[in-house]
There are 2 protein chains.
Amino acid sequence: MQDSRDTGDEPSPGLVSTAIQAITQHIRAEGLAPGDLLPSEAAMTRQLNVSRTVVREAFRSLSAMRLIDMSAGRRATVAKLDTGAMSMVIEHGITTQQISVQQVYDVRRTIEMRTVALAALRRTDAEAAAIASFARLMRENFKHPEIVMEHDIAFHEAIAGASHNPVFSLIVTAFSGVTRRTWVIGWRTRSTDEDQLKMIKGHEDIAEAILKGDPRLAAEHMAQHFDKSVKALLDAGIA
Amino acid sequence: MQDSRDTGDEPSPGLVSTAIQAITQHIRAEGLAPGDLLPSEAAMTRQLNVSRTVVREAFRSLSAMRLIDMSAGRRATVAKLDTGAMSMVIEHGITTQQISVQQVYDVRRTIEMRTVALAALRRTDAEAAAIASFARLMRENFKHPEIVMEHDIAFHEAIAGASHNPVFSLIVTAFSGVTRRTWVIGWRTRSTDEDQLKMIKGHEDIAEAILKGDPRLAAEHMAQHFDKSVKALLDAGIA
DNA sequence: CCCGGAAAACCTGTATGACAGGTTTGTATC
DNA sequence: GATACAAACCTGTCATACAGGTTTTCCGGG
């Protein structure tokens, strides 16, 4: 049936890729914002003159990247910025050993020295309080590694958020998965309560510098924090 | 048919999401490396006890994120690290106005001040030569903006490569799409030949610092380069 | 024994039709 | 005008079919 005279008969990158492009193109052309409705699969099927199979795989691909939201019965909508795809790429790189944990930490260090400085400059009072409170929760639960870890991750994400640059948030959050898989290893190398509390103290120092609005100091504490973390990882034999 | 007693009948995240997880899980469990073969769709269909439709949408989603490579007749293989998904996320953020070009440039500046320093420390001679040659090609073609732009982008990607940390390459490359869409605007604000050549000179300074192996100097030149670029964009009224 | 080539087996790409739910819309009744 | 019900629409999943592309197998000739 499909006579494909429609779009001018492209080379061959596959009908699905074409459909994906058509959809993203539609978002751009119509200037859609998060939450806005996309065409139904049936409509897309007619417009592109391909089977529903193809259109569906295109929608599903965009959904997997979290560029659109899908749910049964409802039409797809444009999605809010989400870290889903980035996390998967990073995880894929790690599990296939194309990137090392240490390399991720180097990137994190680079980025978070900046986010923490920006946070010190641009944080709202509420953000500063939230950051400080995550540090406090780490101390209060320091007997429960899993809980400490989650507050640690939330701490770093909160700082990224306080930088008021969503791209930083995106990247930092994308690394959280890796952190979850290596955090405990680093924690174990800090064998004594004293060592562990010292690490938590590092977080409190960062929070305090943000509260005081001192970007230099905040960046310095963050750098030290990462240097110690990387050292802990290296001591544990993480490549 | 499918009795779904299989995996224990999860809540409801959808069969496709489950299939995606099963595939990535397979990669992890088998310790697959780039190029290794994945199970065929038919095999996956049997293993998960779902229709080929579901398995196919899962494969296609991973393919869209460039975590796997697919092509007709052949089974899917594990993919090399690729920036595809990240680029799409960033582009999506830009087109839906969830992130601004300026925010992207702030992130680039942060990251590239680091990549350039690392490049100065870790570059091979071949890498230093390649970087310098991109700068030279910019000068030689400075009457043809499109060509200058492509060499500019290649220049920055080469520096990221010379940092020898693929995560940096990944991120820098992911931003190239945005650059392609805004570069010309910045170029136009440098109206005279002199201004344009000055901007190219900035690249040559960076290349030289990398060649000399001076990370401080390299980072400084890079910072200046970005400051001027952002200023050019702001002059042009880019939010 | 090796080599070349053709057939078979396998695999993905795409299309079609069907049906089970979920959601929205419109309508008719109170 | 409000409410409840039905119709229309939409996505999720399944089954089947067939057109190519790719790998494997196997057989015949040297």
Side-chain angles (χ1 to χ4, degrees), chain A residues 1-7 9-23 26-27 32 35-79, chain B residues 1-7 9-23 26-27 32 35-79:
Chain A
M1 182 163 291
Q2 31 82 37
D3 58 61
S4 79
R5 207 188 327 89
D6 194 357
T7 59
D9 218 333
E10 272 107 56
S12 57
L15 300 188
V16 175
S17 301
T18 310
I20 290 177
Q21 258 195 299
I23 297 168
H26 175 90
I27 294 175
L32 299 188
D36 289 352
L37 287 175
L38 276 77
S40 73
E41 293 174 4
M44 228 35 180
T45 293
R46 281 190 298 276
Q47 184 192 321
L48 298 179
N49 220 23
V50 295
S51 72
R52 174 146 93 105
T53 309
V54 169
V55 171
R56 223 186 129 58
E57 286 182 13
F59 270 99
R60 185 65 85 168
S61 294
L62 292 172
S63 166
M65 286 187 273
R66 310 285 194 90
L67 302 191
I68 67 177
D69 289 323
M70 295 174 77
S71 72
R74 253 194 288 274
R75 274 199 277 163
T77 61
V78 176
Chain B
M1 180 163 293
Q2 33 78 44
D3 58 62
S4 78
R5 207 190 325 91
D6 194 359
T7 57
D9 216 332
E10 272 107 56
S12 59
L15 300 188
V16 175
S17 301
T18 309
I20 290 178
Q21 257 193 299
I23 297 168
H26 176 91
I27 294 175
L32 299 187
D36 289 352
L37 287 174
L38 275 73
S40 72
E41 292 175 3
M44 229 32 181
T45 293
R46 281 190 297 275
Q47 183 191 323
L48 298 179
N49 219 23
V50 295
S51 71
R52 175 146 93 106
T53 308
V54 169
V55 171
R56 221 185 132 59
E57 285 181 15
F59 271 97
R60 186 64 89 166
S61 294
L62 291 171
S63 165
M65 285 187 271
R66 308 284 193 91
L67 302 192
I68 67 177
D69 289 323
M70 296 173 77
S71 73
R74 254 194 287 273
R75 273 198 278 163
T77 61
V78 176

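Just so it is clear: chains get the letters A, B, ... in the order the sequence lines come, proteins before strands, and each one is counted from 1.
Checking A:T53 against A:A72, the closest nucleotide of DNA chain D that is more toward the 5' end is the one next to A:A72. Where A:V16 and A:S71 meet DNA chain C, the nucleotide closest to each residue was compared, and A:V16 sits on the side nearer the 5' end.
A donor-acceptor contact under 3.5 Å links the side chain of A:R52 to the base of D:dG12. Between the base of C:dG13 and the side chain of B:R60 there is no donor-acceptor pair shorter than 3.5 Å.
Comparing D:dT11, C:dT24, C:dA15 by their nearest atom to the side chain of A:S40 picks out D:dT11. Of the candidates D:dT23, C:dG13, C:dT23, C:dG13 carries the atom nearest the B:M70 side chain, counting heavy atoms from C-beta on. The side chain of A:S51 approaches C:dT14 more closely than any other nucleotide in the set C:dT14, C:dT23, D:dC14.
A distance-only check finds a donor-acceptor pair linking the side chain of A:R75 to the backbone of A:L38 [under 3.5 Å].
For residues 61-70 of chain B, the set of pairs meeting the side chain to side chain donor-acceptor pair (under 3.5 Å) definition, not counting sequence neighbours, comprises B:R66-B:D82.
Rounding to whole angstrom units, CG of residue A:L48 and P of C:dT14 are separated by 12 Å. Atoms CD (A:E41) and P (C:dT23) sit 16 Å apart, rounded to a whole Å.
Within the structure, every side-chain polar atom (N or O) of A:R56 is placed at least 4.0 Å from both OP1 and OP2 of C:dA15. The phosphate of C:dT12 (OP1 or OP2) has no side-chain N or O of B:R75 nearer than 4.0 angstrom. Taking side-chain N and O atoms only, A:R74 has a distance below 4.0 Å to OP1 or OP2 of C:dT24.
Under the rule for a side chain to side chain contact (heavy atoms under 4.5 Å, CB included), the partners of A:R74 that lie at least two apart in sequence or sit in another chain are A:S71.
Taking 4.5 Å as the limit, every side-chain heavy atom of A:R46 sits out of range of all side-chain heavy atoms of A:E41.
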